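Structure first, then comments.
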Protein chains: 2
Amino acid sequence: MPQNKVQVPRISDAVAASLERRILEGSLKPGDRLPPERELAVELGVSRPSLREAIQKLASKGMVQSRQGGGTYVTDRLESTFFDPWQDMMGAHPNLREDLLEFRRMLEGQAAEWAAERATDADLTRLNQAFEAMNQAFDADDSERRASTDIDFHQAIGEATHNVLIGHLSAALLRLMQDNIRLNLGELKTIPAAISLLKSQHAAIHTAITERKPSAARAAAETHIDFVRESLAQSLRSAARRQTAERRLSANTTDFSASSIS
Amino acid sequence: MPQNKVQVPRISDAVAASLERRILEGSLKPGDRLPPERELAVELGVSRPSLREAIQKLASKGMVQSRQGGGTYVTDRLESTFFDPWQDMMGAHPNLREDLLEFRRMLEGQAAEWAAERATDADLTRLNQAFEAMNQAFDADDSERRASTDIDFHQAIGEATHNVLIGHLSAALLRLMQDNIRLNLGELKTIPAAISLLKSQHAAIHTAITERKPSAARAAAETHIDFVRESLAQSLRSAARRQTAERRLSANTTDFSASSIS
DNA sequence: ATGGGTAATTGGTCAAACCAATATTTACGG
DNA sequence: CCGTAAATATTGGTTTGACCAATTACCCAT
């Protein structure tokens with residue numbers, strides 16, 4: 001009964017691996033919608049049933065989600081498996097934010113350094129696009145777009161390191177931090193001075209990577225995080241003062257600690 | 001773009017759940033052969049593609065195995081079905097292992113450096129305990145204890161950094177790597193020379209942290225990871241050679257037919 | 001009996017079509 | 001002019017039927 005023979009390669013496995021690789025490498029980001037099955041089948045040169053079997057495999061792994069009539073989307077389970085518990089924890093223990101920023105300082109610095117060393121021309125093109133989009137979003141007064149393009153920019157850097165852990169972690173941590181900020185501060189104060197400073201910092205990172213100067217890139221990234229850390233601490237202090245004042249006005253204990261997302 | 005609506009039940013999910021239940025309940029024991037797809041399809045009242053999608057789901061979970069012309073069998077090692085998406089991803093994409101090691105080199109280096117700077121006396125006490133326990137486990141020939149005490153030691157370092165992200169992440173990544181090694185290589189070659197080298201490397205990290213020499217601690221940690229990376233690559237190469245030799249004996253014409261993917 | 005060759009079995013893949021839920025566009029009415 | 005509802009297009013879900021390829025089972029000649 002035992003079957004020692006070579007396993008015949010299944011086409012659905014090859015397709016699943018191909019899609020999985022695209023997701024891991026970041027060309028299919030979490031939240032992205034896959035092309036329609038009929039198109040994707042043609043593009044990959046396989047029949048629709050085979051494509052569907054591959055998609056079902058990925059769906060059973062929780063990497064994609066399909067809705068009839070809607071489309072098939074890449075889930076963010078990859079990041080959430082690592083950091084879903086963290087979101088709750090961040091709400092309960094705000095001092096975690098400092099740990100996160102310290103960690104990000106190391107991560108983003110290393111990412112910028114490696115990106116400057118290893119980025120291919122394609123990587124630089126993507127980085128340029130993300131950089132331009134982010135600058136436009138920063139000029140406009142759309143905090144939603146600002147946040148998402150910021151993530152895209154840092155993720156583009158992460159992908160240029162050619163290390164999937166860096167790419168996913170840096171994007172996940174940035175997203176985690178942004179969500180946490182939105183949760184706890186509502187809207188971060190966007191004073192024009194900070195905006196322009198952020199823009200110049202991003203530009204410094206961008207040029208250092210483009211000109212392939214690893215140590216300069218690392219320094220620029222670390223400076224950027226240091227600034228974020230400092231200005232965030234400042235905002236928190238003022239927010240705390242405001243809350244204290246409000247508390248003094250009305251003996252009203254508004255305490256919300258359990259904030260479970262996803 | 002958000003999908004708040006109720007998910008439509010997919011028939012392939014229902015079929016997969018049905019088969020999974022039969023397997024877990026024991027009416028389909030490990031090693032059993034499923035009925036032919038055509039029969040099973042009519043028995044379950046679904047079409048063959050739907051049945052196949054369900055089977056692919058189970059196959060991707062490692063619960064069944066199919067051979068063209070042979071049949072579909074319930075896999076006999078149910079206990080090895082891990083639910084960690086990163087785990088089977090590492091199996092599918094071995095180059096992830098290199099990414100992981102590169103990432104760990106940065107992480108462990110930074111952890112050792114910060115630990116040397118910040119460890120309190122209590123931290124050092126815990127670190128000493130973990131260090132002693134690990135040494136005992138390495139002297140004994142208990143690979144199980146060796147792995148767990150190794151995790152404990154690195155986690156003690158992580159905790160001494162007073163950054164929860166570092167602590168949890170370094171332990172999680174080490175565990176992930178150990179599981180992956182166990183899964184792919186069975187038992188890692190434990191040549192005595194490697195054992196004593198590992199012991200001395202651990203001792204170097206331990207002393208550097210105890211004596212509060214941050215840069216020495218970082219260097220020792222990085223040396224340690226470099227050694228692990230090199231010896232792991234060596235083991236993988238020899239394993240690959242062994243597999244090649246086996247393949248050569250059975251003179252199988254390896255056939256690559258899936259070409260138009262990606 | 002045994003060996004080899006043939007036929008039946010069975011998973012793998014593809015094609016075309018239709019259904020159902022969703023998304024998008026259009027048209028209508030306020 | 002805007003908002004809402006109907007109509008249309010898009011897209012995943014499912015079925016049928018067919019053919020291919022690997023495996024297994026069978027049968028016959030030696």
Side-chain angles (χ1 to χ4, degrees), chain A residues 1-19 28 31-60 62-75, chain B residues 1-19 28 31-60 62-75 250-261:
Chain A
M1 287 322 99
Q3 50 278 15
N4 315 357
K5 298 307 180 61
V6 189
Q7 282 285 18
V8 177
R10 278 171 287 263
I11 200 174
S12 59
D13 282 333
V15 172
S18 169
L19 293 177
L28 283 176
D32 278 3
R33 189 170 109 172
L34 298 185
E37 292 184 350
R38 294 167 177 80
E39 286 181 23
L40 197 52
V42 175
E43 179 185 332
L44 294 173
V46 302
S47 70
R48 200 166 152 233
S50 298
L51 206 212
R52 281 186 58 79
E53 288 184 5
I55 290 180
Q56 298 300 329
K57 279 175 191 283
L58 296 185
S60 85
M63 299 185 65
V64 299
Q65 251 176 322
S66 301
R67 271 162 41 244
Q68 179 174 169
T72 301
Y73 293 81
V74 179
T75 66
Chain B
M1 69 200 115
Q3 51 273 26
N4 314 352
K5 300 306 178 65
V6 191
Q7 282 286 18
V8 177
R10 280 171 289 266
I11 201 171
S12 59
D13 281 333
V15 172
S18 167
L19 292 177
L28 282 176
D32 279 2
R33 187 171 119 178
L34 299 185
E37 290 184 352
R38 294 167 176 81
E39 286 182 22
L40 197 52
V42 292
E43 179 184 333
L44 294 172
V46 301
S47 69
R48 200 167 148 229
S50 297
L51 207 212
R52 280 185 59 79
E53 287 184 4
I55 289 179
Q56 298 297 331
K57 278 175 192 283
L58 297 185
S60 85
M63 300 187 67
V64 299
Q65 264 178 321
S66 300
R67 271 165 40 245
Q68 180 175 172
T72 301
Y73 293 81
V74 178
T75 207
S250 53
N252 279 329
T253 59
T254 53
D255 172 48
F256 298 83
S257 50
S259 53
S260 58
I261 311 294

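Remember, predicted model here, so these are calculated numbers, not experimental data. Quick note: numbers below take in every heavy atom, side chains included, and nothing from hydrogens, waters or symmetry partners. Convention: sequence-line order gives letters A, B, ...; per-chain numbering from 1.
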Which residues share a side chain to side chain donor-acceptor pair (under 3.5 Å) with [X], sequence neighbours left out:
X: S12(A); answer: none
X: S18(B); answer: none
X: R38(A); answer: none

Which nucleotide in the set [options] lies at the smallest distance from any side-chain heavy atom of [X]?
X: S66(B); options: dC14(C), dA17(C), dG11(C); answer: dG11(C)
X: I11(A); options: dG11(C), dT14(D), dC14(C); answer: dC14(C)
X: S47(A); options: dG12(C), dT14(D), dC14(C); answer: dC14(C)

**Q.** Under-4.0 Å side-chain N/O to phosphate OP1/OP2 contact, S12(B) with dG13(D)
**A.** no
Q: Would you mind telling me which of V42(B), L44(B), L40(B) makes a side-chain contact (heavy atoms from CB on, under 4.5 Å) with P35(B)?
A: L40(B)
Provide, to the nearest angstrom, the distance between the [atom1] atom belonging to [X] and the [atom2] atom belonging to [N].
X: L40(A); N: dG12(D); atom1: CG; atom2: C1'; value: 13 Å
X: I55(A); N: dT14(D); atom1: CD1; atom2: C1'; value: 15 Å
X: E43(B); N: dT10(C); atom1: CD; atom2: P; value: 14 Å
X: L51(B); N: dT14(D); atom1: CG; atom2: C1'; value: 13 Å
X: R48(A); N: dT16(D); atom1: CZ; atom2: C1'; value: 14 Å
X: D13(B); N: dG13(D); atom1: CG; atom2: C1'; value: 11 Å
X: R52(B); N: dC14(C); atom1: CZ; atom2: C1'; value: 11 Å
X: E53(B); N: dC14(C); atom1: CD; atom2: P; value: 14 Å

Q: Could I get the full list of salt bridge (charged side-chain N to carboxylate O under 4.0 Å, His left out) partners for R33(A), not counting sequence neighbours?
A: none
Q: Just jot down the side-chain contact (heavy atoms from CB on, under 4.5 Å) partners of A17(A), sequence neighbours excluded, or say none.
A: none
Q. Looking only at heavy atoms, which two atoms of E37(A) and L51(A) are closest? And how far apart?
A. O-CD1, 3.3 Å
Q. What one-letter contact string describes nucleotides 6-11 of chain D from 5' to 3', where B marks a base within less than 4.0 Å of any protein heavy atom, S marks contact via sugar-phosphate atoms alone, and - marks no contact?
A. -----B
